[in-house]
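To start, the structure under review is shown below, and the notes come after it.
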Amino acid sequence: MNEFFQFETEEQRCALLAKAKRIAISALQQYNLGWVEIEFIGISDRLHIKLGLA
């Protein structure tokens with residue numbers, strides 16, 4: 001599995017979610033989308049998030 005998805009400890013889980021949030025915000029800014037929330041859904045071989053758009 002990709003190193004990005006290693007999250008055995010609480011610290012690694014927090015770091016993963018923080019990185020995912022930064023990536024999502026960056027993408028939203030790149031496409032100039034208004035947003036109100038980013039909700040974590042789950043992780044499989046991909047990271048799943050739900051974006052609440054304004």
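- With sequence neighbours excluded, the residues that form a side chain to side chain contact (heavy atoms under 4.5 Å, CB included) with Ile25 are Lys21, Gln29, Trp35, Ile38.
- Note that CG of Leu28 and CD1 of Ile23 are 12.0 Å apart. Values are rounded to the nearest 0.5 Å.
- His48 contributes atom NE2, which lies 9.0 Å from atom CZ of Phe40 (distance to the nearest 0.5 angstrom).
- Taking a 6.0 Å sphere around CD of Glu37, one finds it holds more than 12 heavy atoms contributed by other residues, nucleotides or ligands.
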Under the side chain to side chain contact (heavy atoms under 4.5 Å, CB included) criterion, do Val36 and Leu53 qualify, and how do the steps go? CA-CA 6 Å; Val36 291; Leu53 301 177; over 6 Å; no
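- To the nearest 0.5 Å, the span separating CZ on Arg22 from CG on Leu17 amounts to 11.0 Å.
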